[in-house]
Amino acid sequence: MAFINSNISPDWLDGLLVGRQDQPEDTIIEIELPDGSDTVLVGDGSLPVMAGPCTLETREQVLETAMAVKHAGAAFFRGGAFKSRTSPYDFSGLRAEGLELLSEVRRVLNMPVVSEIVNAAHLPLFEDVDIIQVGERNMRNAELLTELSHIDKPILLKRSHSATLKELLLSAEYLLAGGNRQVILCERGIRTFEPMTRNTMDISAIPLLKELTHLPVIADPSHATGLPQLIKPMSMAAAVAGADGLMIEVHTCPDEALCDGGQALVPEEFTELMAKLQGITDFR
């Protein structure tokens with residue numbers, strides 16, 4: 001494997017399971033549809049999209065949004081049942097009730113679901129979650145990662161807003177070292193000195209990670225930018241850079257959202273984005 005820049009030393013990857021020295025070929029993760037009729041692949045060169053609200057709020061909101069994103073072509077419905085918030089006074093999710101709503105989405109729409117876990121003690125509640133997300137706040141939570149390393153479910157590991165790529169890959173190593181090889185990395189923006197966006201989306205991280213590791217890499221332009229008008233161009237940029245998928249926030253009424261409504265697309269905008277992404281992988 002030739003590295004992008006000869007000045008970048010991959011020596012620290014020697015002997016690690018995340019590195020291409022251990023596994024030169026790409027990892028492809030298969031997620032079975034709830035009815036068992038087919039599978040969705042992540043890492044095979046396609047561009048599956050995970051879409052839905054930052055936080056699950058009501059049954060009506062969840063089902064309406066899920067139907068809209070599925071109709072537009074999303075492969076997964078994403079929604080937070082447990083939310084880690086900066087302020088203890090902010091809405092922190094429906095918790096178990098939210099996971100029950102995700103189970104309903106799986107059953108009614110035959111659509112795999114993605115949701116974030118914040119505590120290993122909640123694992124029994126995640127039986128019907130197809131991809132378990134580790135949020136950026138827990139990227140360094142070694143105890144949680146170790147617990148998740150022992151389960152047979154794909155784990156979506158988000159890069160912390162202050163983490164280097166080395167730190168992200170070492171967090172992923174916790175999962176692989178415990179036996180879970182179904183790991184998806186997510187670039188969701190890093191904190192810089194620029195105040196115009198929520199974070200700075202590190203597009204360069206995508207091709208660099210793809211060169212350093214065999215694990216699939218997806219991008220989350222919603223959290224990375226915090227601005228809905230930037231989600232479309234940054235989604236396309238991530239796709240061209242080699243992303244294995246996208247995570248997009250969609251809300252039927254962003255102005256009334258209980259969490260991060262300002263960075264969500266409405267279903268009509270999401271449909272337009274999905275149309276623009278058609279064939280974009282041809283430009284890689």
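Bear in mind the structure is a predicted one, so any value in this text is a computation, not a measurement.
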Within 6.0 Å of [atom1] in [X], more than 12 heavy atoms from elsewhere:
| X | atom1 | answer |
| --- | --- | --- |
| Gln229 | CD | yes |
| Glu127 | CD | no |
| Phe82 | CZ | yes |
| His71 | NE2 | no |

Could you report the tightest heavy-atom contact between [X] and [Y], atom names first, then the distance?
| X | Y | answer |
| --- | --- | --- |
| Ile231 | Ser222 | CD1-OG, 3.6 Å |
| Pro34 | Pro112 | CD-N, 4.0 Å |
| Glu116 | Val118 | OE2-CG1, 3.9 Å |
| Arg140 | Ser160 | NH1-OG, 3.4 Å |
| Gly79 | Ser115 | O-OG, 2.7 Å |
| Pro207 | Ser204 | CD-O, 3.3 Å |

If you round to the nearest 0.5 Å, how far is [atom2] of [Y] from [atom1] of [X]?
| X | Y | atom1 | atom2 | answer |
| --- | --- | --- | --- | --- |
| Leu41 | Ile31 | CG | CD1 | 7.5 Å |
| Cys186 | His223 | SG | NE2 | 9.5 Å |
| Glu187 | Ile206 | CD | CD1 | 6.5 Å |
| Met234 | Thr225 | CE | OG1 | 7.5 Å |
| Leu246 | Met50 | CG | CE | 9.5 Å |
| Lys70 | Thr65 | NZ | OG1 | 15.0 Å |

Are [X] and [Y] connected, step by step, through hydrophobic side chains (Ile, Leu, Val, Met, Phe, Trp, Tyr) whose heavy atoms are closer than 4.5 Å?
| X | Y | value |
| --- | --- | --- |
| Phe76 | Val113 | no |
| Leu156 | Met139 | no |
| Val114 | Leu215 | no |
| Leu47 | Met247 | no |
| Val105 | Leu99 | yes |

Quick check: does any side chain N or O of [X] sit under 3.5 Å from a backbone N or O of [Y], one acting as donor and the other as acceptor?
| X | Y | answer |
| --- | --- | --- |
| His161 | Arg137 | no |
| Thr252 | Gln61 | no |
| Ser37 | Leu33 | no |
| Arg20 | Thr213 | yes |
| Lys153 | Asp130 | no |
| Thr200 | Arg191 | no |
| Gln133 | Gly135 | no |
| Arg59 | Leu101 | no |
| Asp244 | Val217 | yes |
| Asp44 | Ile28 | no |

Test side chain to side chain contact (heavy atoms under 4.5 Å, CB included) applied to Val40 and Ile29, step by step = CA-CA 8 Å; Val40 181; Ile29 296 173; over 6 Å; no

Compare all side-chain heavy atoms of [X] with those of [Y] and state whether any distance is below 4.5 angstrom.
| X | Y | result |
| --- | --- | --- |
| Asp22 | Leu16 | no |
| Leu230 | Met201 | no |
| Leu265 | Ile248 | yes |
| Ile132 | Pro154 | no |
| Ile184 | Ile131 | yes |
| Arg159 | Leu165 | yes |
| Leu148 | Asn180 | no |
| Leu13 | Val18 | yes |

Ion pair check, Lys232 and Glu269, cut-off under 4.0 Å = no

Please determine if Asp220 and Lys158 form a salt bridge, counting it only when a charged side-chain N lies under 4.0 Å from a carboxylate O.
-> yes

Test item: side-chain donor near acceptor, [X] and [Y], under 3.5 Å:
| X | Y | value |
| --- | --- | --- |
| His251 | Glu256 | no |
| Asp152 | Gln182 | yes |
| Glu167 | Ser171 | no |

Where do Lys210 and Leu208 land on the side chain to side chain contact (heavy atoms under 4.5 Å, CB included) test, with the steps shown first?
-> CA-CA 5 Å; Lys210 295 285 290 180; Leu208 184 50; over 6 Å; no

For the pair Leu185 and Leu169, evaluate side chain to side chain contact (heavy atoms under 4.5 Å, CB included) and give the outcome as yes or no after the intermediate values.
-> CA-CA 9 Å; Leu185 304 176; Leu169 289 173; 3.7 Å; yes

Chi angles and distances behind the side chain to side chain contact (heavy atoms under 4.5 Å, CB included) call for Phe77, Leu56 | CA-CA 11 Å; Phe77 181 68; Leu56 306 170; 4.0 Å; yes

Please test Asp35 against Arg107 for salt bridge (Lys or Arg N to Asp or Glu O under 4.0 Å), starting from the C-alpha separation and ending with a verdict.
-> CA-CA 8 Å; Asp35 69 357; Arg107 183 178 68 255; over 6 Å; no

